[in-house]
Structure formats: C-alpha cells, structure tokens
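Side chains are part of it too, since the values below use all heavy atoms of this structure and drop only hydrogens, waters and symmetry mates. Small disclaimer: the values here were computed from a predicted structure and weren't measured. First the proteins, then the strands, lettered A, B, ... as listed; each starts at 1.
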There are 2 protein chains.
Amino acid sequence: MAGIIEENPFVTDQELTRKLRVSIQTIRLDRMELGIPELRERLKVMAEQTYDQVRSLPIDEVIGEVIDLQLDRSGISIFEIKQEHVFSRNHVARGHHLFAQANSLAIAVINEEVALTATADIRFVRQVHLGEKVVAKAYVRSVSGERNKAKVEVFSYVGDDLVVHGHFIIFRSTSEGTVSEGGHEDENRH
Amino acid sequence: MAGIIEENPFVTDQELTRKLRVSIQTIRLDRMELGIPELRERLKVMAEQTYDQVRSLPIDEVIGEVIDLQLDRSGISIFEIKQEHVFSRNHVARGHHLFAQANSLAIAVINEEVALTATADIRFVRQVHLGEKVVAKAYVRSVSGERNKAKVEVFSYVGDDLVVHGHFIIFRSTSEGTVSEGGHEDENRH
DNA sequence: ACTACAATTAGTACCTGGTTCTAATACGAG
DNA sequence: CTCGTATTAGAACCAGGTACTAATTGTAGT
C-alpha cells in the first residue's frame, strides 16, 4: 500500500479499497500502522513544500551547503549526490551538477553584491556516484580591482579523491553588458 | 482579502473572519466573487505543482530539446529560460543551466553508447534573461579513435547574439576510471 | 419619512474525506 | 474447539467547506 500511495499521493482511501480489494477500515488501520497520514494531510505537506520552495528559492541559488566562507579568500561547500542528480542508467552524477556546485561556490566566495561568471574551465577528474558527498573548496587566487574581476580556483573531492578541478573568472561589477550569469545576494552577509 | 490569501494560502475562512471582522458568509461570497477556491482546493493545486516538478525531473537527462542531430558531426538544441532557471532577484539565467544545455548537447552528438565529459571550457559571453530561448549548436571538431576522445565546440545563441561559447572534451569509451560525468543513452539512437 | 435595492449576516442541509471508538465476523494455529 | 489476530461493519463526530433560503442592516433616492 505504501508503494501505491508513494506513487500517487493523491489517492483517497476509497480508491485504495478498489485497488486492494479490502475494506476501508483495513485501509485505515494499515495506514495508521504505516504512519501514513490522510490524503488532506499529505496534500498539505506537499503544498507547504512548494510554498517553502518558492519562498526559499534564493537559498538554493547556492547549490550545495556552504559550511565555511572567508570572503575574498576561500570557501567550502558540501553537496550530496542524490537520485535526481545522476543518470538513471549508471548512477553517475551529471556533470552540470558538479559544475553548479563549483560555480555557486566560486560566486559565493566573492565579496560583492552582484557577481557573475565570465568564464569557467572545468576538468572532470573522475566519476562521482550516487550517494557520494562532494566537498568543494574554492580559493580566490587574484582580485584585480581595476578590471573588477577575480580568479577563483575550485577543487572538489569525494573523500581524498579529487573529482573536479576548475578555474573560474568572476566579474565583481554590478554593471550589465559583457558578462553572463546571474547576480548573487548570498547567505553570508546578514 | 485576495492579498491576505495570496500571502498566506493556508488561511481558513474562519481565520479570515477574525482578520477582516466580517461574517463567514461574507468571506465566502467574496471568495466566490473573486474566484478564489476553498482552502483544500488551494492546497491540492499547490501539491500538484510540487508533484509535477518531481515527476518531470528524469526528463531533463538532456537539458533542452534536441531538434537536429548528425552523429559525430553536429547538433542543435533549444532551451527556454523559465522561472526555475533564473536568479530570482534579477531574472538572469544561472550559469549552470546554460552549461547543462551545452554539455548535454556535446554528449548527445557523440555517437557512442556511453559518453562522458572529461573537460569543459566555457565562456559566458552575455547574460541570458527569463523568457529567452537559447539555441545551442554543437560541432564535433575531432575524433581521435586511438585515444577515444572527441573535441566538441558549442555555441549558444539568443537570436543573433552569442551568449555562450564552450569547448568540451568527451570520452567515448565505455571504460570507467579516469573520467567523470555520466554515460548517456540518448533519444536519437532508437 | 418612506421605499427600494444592495450588502451583509444567519441558518440549515448536505458533501468529502477523513478520525475515533465499539463491536461483530472470519480465519488459521495449536 | 478455542484463542488470538486480522478484517470488516457501523455509528458518532470533525474540519472546512458548498448550496440555498431567508432575515437583517445600511444607504441612497425621491
């Protein structure tokens, strides 16, 4: 039963009686047993998720969890590879998620209201698999005030293994025009 | 009233009577008038949104829609920048989505059972905004059979404007070991 | 002041999708 | 056959409504 509800959380107890050919009381007893809340409660929880998501969208503007940040110096973030980040056929992480973590961290580490990625140079050293935790370390290598750009180097590890190595050039200006990729108001400045 | 509900969609008619100091019938008449559904309906709609989001995740194993593909030669994909792809504060596309489109296309264009990104070199030429359609064009520049790797160059445009330019090195082998990023069974080979 | 009309409020019946509780029935093991 | 568990039935109750009818209040026009 848990499977059916998981697959279609919108199912009512009534509908379950028809699928499982048991009485509605059995459905409800089992649901109690399994700790599965009633339909409305399920909907409410899902609704709260979307609502939180919408409200907290700025939070995942950084992909991965930033656990250390020294502005204009270095930063560390952790990103766990889950089902939604891998190719289904071989459970290997899709490159753009690893890129996203590194890119987000490179932007977060820059001490500026709006920071934009200008170029990125990424080397995928080895595959990352489902369930692995990727620790990305970013180091600001140079900050050239006149030209408003910073070079950031990022190393991503799984345990001791280097999995990704990247160089980013980040524009620090708030001006629009020649560079791409969004600005960023980060979590570390309040 | 519409404002209160918009701000807190989880409010019941009862709670509204207390906030607006009118009877519950007035609340309900007004809600009818404004075409605002009852609490449970609102929750259900929100729940369906989250559910759709989760369900459609596997679909984007190739980011963007591939509209032309000549294996080992070139490919074109289109990717529309939607709300979920941009920074909320300035509506500029997050870099990793543009990367993802280019990377996906670079892999798709390789005529191999499993293709993996080894390195990527990306330049973000200009910002891409909400609602813009990004057309990525990939060209296979070299295919060195002995070393099992291919160089792919990708140009992404919005209209006539070049927005992203990237060089990818893709491993064509099925062997594991030194390269990262998942294999890929693409839509074009069945 | 009286009337007409809209807005507001009250009240009742009914609905869905449940919970909670008590009680009856079926079913298999010892 | 009896004990214990699983299943089913049934009734009362609840939240958060819809749908409908009717009374009350307010207010503007003449």
Decide whether A/Glu153 and A/His165 meet the rule of one side-chain donor and one side-chain acceptor closer than 3.5 Å.
yes

Could you state the CD-P distance from A/Glu41 to C/dT19, rounded to the nearest angstrom?
10 Å

Nearest whole angstrom, please: distance from the C1' of C/dG17 to the CD of A/Gln14.
9 Å

Contact boundaries on DNA chain D for chain A, cut-off under 4.0 Å to non-hydrogen atoms:
D/dT7 to D/dA15

Over 60° means perpendicular and under 30° means parallel, so tell me whether A/Phe124 and B/Phe99 are parallel, tilted or perpendicular.
tilted

For the pair made of CZ in A/Phe10 and C1' in C/dT16, what is the distance, rounded to whole Å?
17 Å

Counting any heavy atom closer than 4.0 Å, what does A/Arg31 reach on the DNA or RNA strands: base, sugar-phosphate only, or nothing?
sugar-phosphate

Position toward the 5' end of DNA chain C (nearest nucleotide), B/Arg40 or B/Ile27:
B/Ile27

Tell me whether the centres of the aromatic rings in B/His97 and B/His85 are closer together than 6.0 Å.
yes

Rounded to the nearest angstrom, tell me the gap between atom CG in B/Asp30 and atom C1' in C/dT8.
10 Å

Stacked cation flag A/Lys137 on A/Tyr157, 6.0 angstrom / 45 deg:
yes

With B/Asp13, which of B/Arg31, B/Arg42, B/Arg18 fulfils salt bridge (Lys or Arg N to Asp or Glu O under 4.0 Å)?
B/Arg31

Within the 4.5 Å heavy-atom criterion, are B/Lys44 and B/Glu48 side-chain neighbours or not?
yes

Tell me yes or no: between the side chains of B/His96 and A/Gln101, is some donor less than 3.5 Å from an acceptor?
no

To the nearest Å, how far apart are A/Met32 CE and C/dT20 C1'?
9 Å

Nearest-angstrom distance from the residue atom CG of A/Leu39 to C1' of C/dT16:
10 Å

A/Glu15 CD to C/dG18 C1', straight-line distance once rounded to whole Å:
14 Å

Please classify the nucleic acid contact of B/Ile24 as base, sugar-phosphate, or nothing, using heavy-atom distances under 4.0 Å.
nothing

Select one nucleotide: of C/dG18, C/dA10, C/dT8, the one nearest the side-chain heavy atoms of B/Gln25.
C/dA10

